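Here's the structure we're looking at; comments come further down.
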Amino acid sequence: MSATGGTAAVEARDLRRTFKTKQGSVLRPTRTTVEAVKGVSFEIAPGELFGLLGPNGAGKTTTIKMLITLLIPTSGSATVLGHDVVTDVREVRRRIGYVFGGDRGLYERLSGLDNLRYFSELYGVAPRDQKARIGSLLELVGLTGREGERVEGYSRGMRQRLHIARGLLHDPDVLFLDEPSIGIDPVGARELRATIAGLREQGKTVLLTTHYMFEADELCDRIAVIRAGEIVAEGTPAELKRLVTSGRVLEVETYGVAGEVVDSVRDVAGVRTVAVEDRGPLQVLVVGSEPDTEVTQSVLARMGDTRVGRVSHRDPSLEDAYVELVTGAGA
Amino acid sequence: MSRLRQLWVCYRLQLKVMMFSPFEGFLQVFFPLMFATAALLVYRVNNDPDAMLFAGIGAAAMGIFTSQTTTAATLVQRERRAGTLELVLAAPTPFAFVVLPSTFAMATLGLYSVVAVILWDWWLFDLPLQVENWPGFVLSILMATFTIALFGFLLSVTVVRYRTAWALGSALEYPGWLLCGFVVPLSFLPGWALPLSWALAPTWGVAAMRASAAGESPWFDLAVCLGVGLAYAVLAAWLGVRLIDSARRNATLALT
Ligand SMILES: Nc1ncnc2c1ncn2[C@@H]1O[C@H](COP(=O)(O)OP(=O)(O)OP(=O)(O)O)[C@@H](O)[C@H]1O
Ligand SMILES: [Mg+2]
């Protein structure tokens with residue numbers, strides 16, 4: 001495993017992290033230990049765009065924080081560009097960029113431009129390059145013209161864009177993007193995807209977390225799915241899709257479907273997963289089946305007096321694969 | 001060279017953050033003025049000009065101390081709340097060089113309150129500063145400000161690790177007034193408290209201010225003041241590395 005350690009851009013070996021938290025009153029505290037990350041290993045090749053997907057609380061942010069030197073692993077080790085994240089902190093910090101989602105992490109009382117100037121200093125951007133660098137990043141994230149305003153007046157999406165510019169200031173080789181598209185409007189999100197794809201074209205290594213499956217599908221070369229602190233699957237988006245529901249997905253549109261009906265569909269021979277999605281006034285029954293089985297007739301036979309609309313088939317999406325992986329249905 | 005530029009840019013930007021609203025600037029001088037007024041009203045009863053000068057100078061230094069200890073302690077807490085603490089720590093710049101400019105920005109505001117208090121005393125109490133040795137006096141004010149800033153620096157560093165340590169900073173405000181001898185001579189304090197006073201740099205700073213005003217030599221007090229201040233800096237730098245490591249181990253950088 002460590003034989004390849006020299007060539008990987010990011011390498012995590014059996015990373016673990018526990019948190020001790022106190023609850024209750026000062027006088028009678030109860031200590032609990034949360035195992036947030038339980039032995040995560042992966043490698044990201046230079047220039048690769050690697051996705052880390054998983055439900056809330058799965059341990060994605062904790063894993064990233066260990067890689068960017070903000071948290072010391074409870075056990076295990078990791079390197080970024082060959083530098084150990086515990087012992088070689090300065091070298092790691094010089095080469096990485098970190099962007100997280102949400103609207104925190106900025107100086108509200110300073111203008112966008114001053115925020116970027118401040119972080120340029122802290123990230124050691126050469127003084128003579130700063131102006132041009134900041135200008136081109138403002139252009140990249142579409143904030144040109146608004147940089148003089150105080151951040152407290154920025155919208156959520158504007159803050160998120162400023163964050164992205166901040167993370168790129170020192171032109172890092174490895175980028176950690178923790179839900180960078182949160183709160184950005186559809187047009188902006190599309191631009192952001194183009195920006196991220198552009199980073200890969202420049203040869204940057206990117207670790208991305210997101211809750212938007214189409215985003216991961218479109219961008220990532222490889223994906224690891226993490227559930228309750230453990231990686232449950234890893235591969236290209238295509239491989240993940242194949243890994244689970246090999247059969248096609250049946251979608252039945254209904255105008256309200258009863259719980260008993262859903263349960264009885266689950267019992268149909270050949271059915272692997274059943275999920276109900278709300279789409280406007282419709283409730284869509286999404287049925288994943290075993291490979292090479294035809295369940296349409298049997299499923300429709302169980303619908304009883306449910307009002308059924310359009311019935312269709314499609315190939316499994318990354319989202320189907322993801323839902324199956326994180327709910328443990330396929331395992 | 002580039003380090004100096006970095007400190008200077010960060011200092012200016014932090015000053016901008018702190019001088020954000022005129023209202024806060026007003027509070028910055030308002031409280032010290034009220035404390036100075038109260039002290040002088042008490043002292044005026046005795047009708048002793050020497051005592052008035054003693055209290056006037058002490059009250060001026062008190063302004064810096066108050067603004068520093070309370071804001072220094074909340075400084076890091078504020079960064080934590082804003083989510084910027086993790087970002088500045090993840091930067092390649094050592095944390096000490098991040099906190100120092102902020103501390104000096106606060107010291108600048110402290111200086112501003114000293115001047116305000118001196119002018120106020122003059123105007124309200126007709127208490128002109130009778131200073132024999134002006135260069136010594138100005139130097140003493142600067143030294144007091146500088147070392148109080150270093151004290152604030154030490155406080156800030158502990159807050160990185162201990163999320164509730166900012167409360168300690170606020171709690172130090174009032175005992176500090178007594179221990180530093182701002183308005184009450186140190187000779188009034190019980191003997192066991194004196195070592196505490198001596199360990200506080202402002203004690204020596206304010207003593208140097210008084211010595212200069214009285215035309216005595218301030219140099220001994222200034223030297224001790226500087227020594228104690230530098231000891232704070234060394235202690236903060238030493239503790240800083242350890243406390244930040246401990247914060248990374250115990251996950252206290254973020255709010256959650
Ligand atoms: N500082 C902390 N102290 C205590 N527990 C923590 C701390 N940080 C994270 N945790 C816990 O660790 C677990 C993993 O959290 P983490 O933030 O890594 O999840 P995530 O995968 O990023 O989730 P999300 O999709 O919601 O961002 C959660 O149970 C969380 O409560
Ligand atoms: Mg997260």
Side-chain angles (χ1 to χ4, degrees), chain A residues 17-21 34 36 61-62 65-74 85-86 89-100 102-111 113-115 117-128 130 150-152 159 163 166-167 169-170 172 176, chain B residues 1-21 23-25 75 78-102 105 160-161 163-164 241-242 244-256:
Chain A
R17 175 72 215 204
T18 53
F19 292 110
K20 291 191 177 61
T21 52
V34 182
T61 302
T62 306
K65 283 190 181 169
M66 288 191 277
L67 295 173
I68 63 173
T69 76
L70 284 179
L71 279 177
I72 295 180
T74 309
V85 298
V86 177
V89 175
R90 286 285 289 286
E91 294 304 313
V92 173
R93 290 182 182 169
R94 232 189 275 282
R95 291 169 174 80
I96 59 169
Y98 171 43
V99 175
F100 56 80
D103 44 16
R104 295 172 66 237
L106 296 164
Y107 292 94
E108 299 268 318
R109 296 174 164 198
L110 293 179
S111 66
L113 180 65
D114 279 345
N115 268 278
R117 286 196 357 219
Y118 187 69
F119 283 104
S120 295
E121 289 297 333
L122 297 190
Y123 279 86
V125 179
R128 62 179 177 289
Q130 277 184 17
R150 278 196 183 131
V151 169
E152 60 181 358
R159 288 158 190 251
H163 255 308
R166 198 218 69 242
L169 275 172
H170 55 305
F176 294 89
Chain B
M1 196 50 225
S2 66
R3 179 69 81 199
L4 278 183
R5 178 200 140 97
Q6 178 192 52
L7 291 174
W8 172 243
V9 173
C10 293
Y11 165 81
R12 277 193 13 235
L13 290 173
Q14 286 290 350
L15 201 58
K16 225 181 206 180
V17 172
M18 288 171 200
M19 301 211 301
F20 167 72
S21 74
F23 180 65
E24 285 179 19
L75 179 86
R78 207 188 305 169
E79 298 252 348
R80 176 180 280 127
R81 217 168 272 155
T84 46
L85 182 63
E86 287 192 305
L87 292 177
V88 296
L89 273 166
T93 301
F95 189 60
F97 293 112
V98 178
V99 183
L100 264 186
S102 315
V160 175
R161 168 63 184 87
R163 274 182 282 224
T164 40
V241 176
R242 273 150 199 83
I244 290 168
D245 256 11
S246 166
R248 289 163 63 215
R249 224 175 279 284
N250 292 289
T252 58
L253 296 176
L255 257 192
T256 46

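The shown structure was predicted, so the numbers you read here are calculated from the model rather than taken from an experiment. Numbered from 1 within each chain, the chains take letters A, B, ... in sequence-line order. Computed over heavy atoms, backbone and side chain alike; hydrogens, waters and symmetry mates excluded.
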Rounded to the nearest 0.5 Å, how far does OG1 of Thr74(A) lie from CZ of Arg249(B)? 9.5 Å
Would you name the heavy atoms of Thr84(B) and Gly105(A) that are closest together and state the gap between them? CG2-C, 3.4 Å
Between Leu87(B) and His163(A), is a side-chain contact (heavy atoms from CB on, under 4.5 Å) present by the stated rule, with each step listed? CA-CA 11 Å; Leu87(B) 292 177; His163(A) 255 308; 4.1 Å; yes
Which bit of Leu106(A) comes within less than 4.5 Å of chain B, counting heavy atoms only: side chain, backbone, both or neither? backbone
Counting heavy-atom pairs under 4.5 Å with chain A, which one of Cys10(B), Ala247(B), Pro94(B), Ala91(B) comes out on top? Ala91(B)
Listed by chain and number, what are the side-chain hydrogen bond (donor to acceptor under 3.5 Å, both in side chains) partners of Ser246(B), not counting sequence neighbours? Arg161(B), Asn250(B)
Sequence neighbours left out, what passes side-chain hydrogen bond (donor to acceptor under 3.5 Å, both in side chains) with Glu121(A)? Give chain and number order. Gln130(A), Arg5(B)
Heavy-atom nearest pair, Asp245(B) first then Ile72(A), reads O-CD1, 3.9 Å
Between Arg109(A) (side chain) and Val17(B) (backbone), is there a donor-acceptor pair under 3.5 Å? yes
Most heavy-atom pairs under 4.5 Å with chain B, out of Val86(A), Asp114(A), Thr62(A), Ile96(A), belong to Asp114(A)
Heavy-atom closest contact (Leu110(A) atom, Leu13(B) atom, distance): CD2-O, 3.8 Å
Please identify, among Glu108(A), Arg150(A), Met66(A), the residue contributing the most non-hydrogen atom pairs under 4.5 Å to chain B. Arg150(A)
At a 4.5 Å cut-off on heavy atoms, which part of Arg95(A) comes close to chain B: side chain, backbone, both, or neither? neither
Check whether any side-chain heavy atom of Tyr118(A) sits under 4.5 Å from a side-chain heavy atom of Val98(B), and report yes or no. yes
Identify the two heavy atoms, one from Arg104(A) and one from Arg81(B), that lie closest to each other, and give their separation to 0.1 Å. NH2-O, 3.0 Å
Between Gln14(B) and Tyr107(A), is a side-chain contact (heavy atoms from CB on, under 4.5 Å) present by the stated rule, with each step listed? CA-CA 10 Å; Gln14(B) 286 290 350; Tyr107(A) 292 94; 4.3 Å; yes
Using heavy-atom distances under 4.5 Å, tell me whether Val89(A) contacts chain B through its side chain, its backbone, both, or neither. side chain
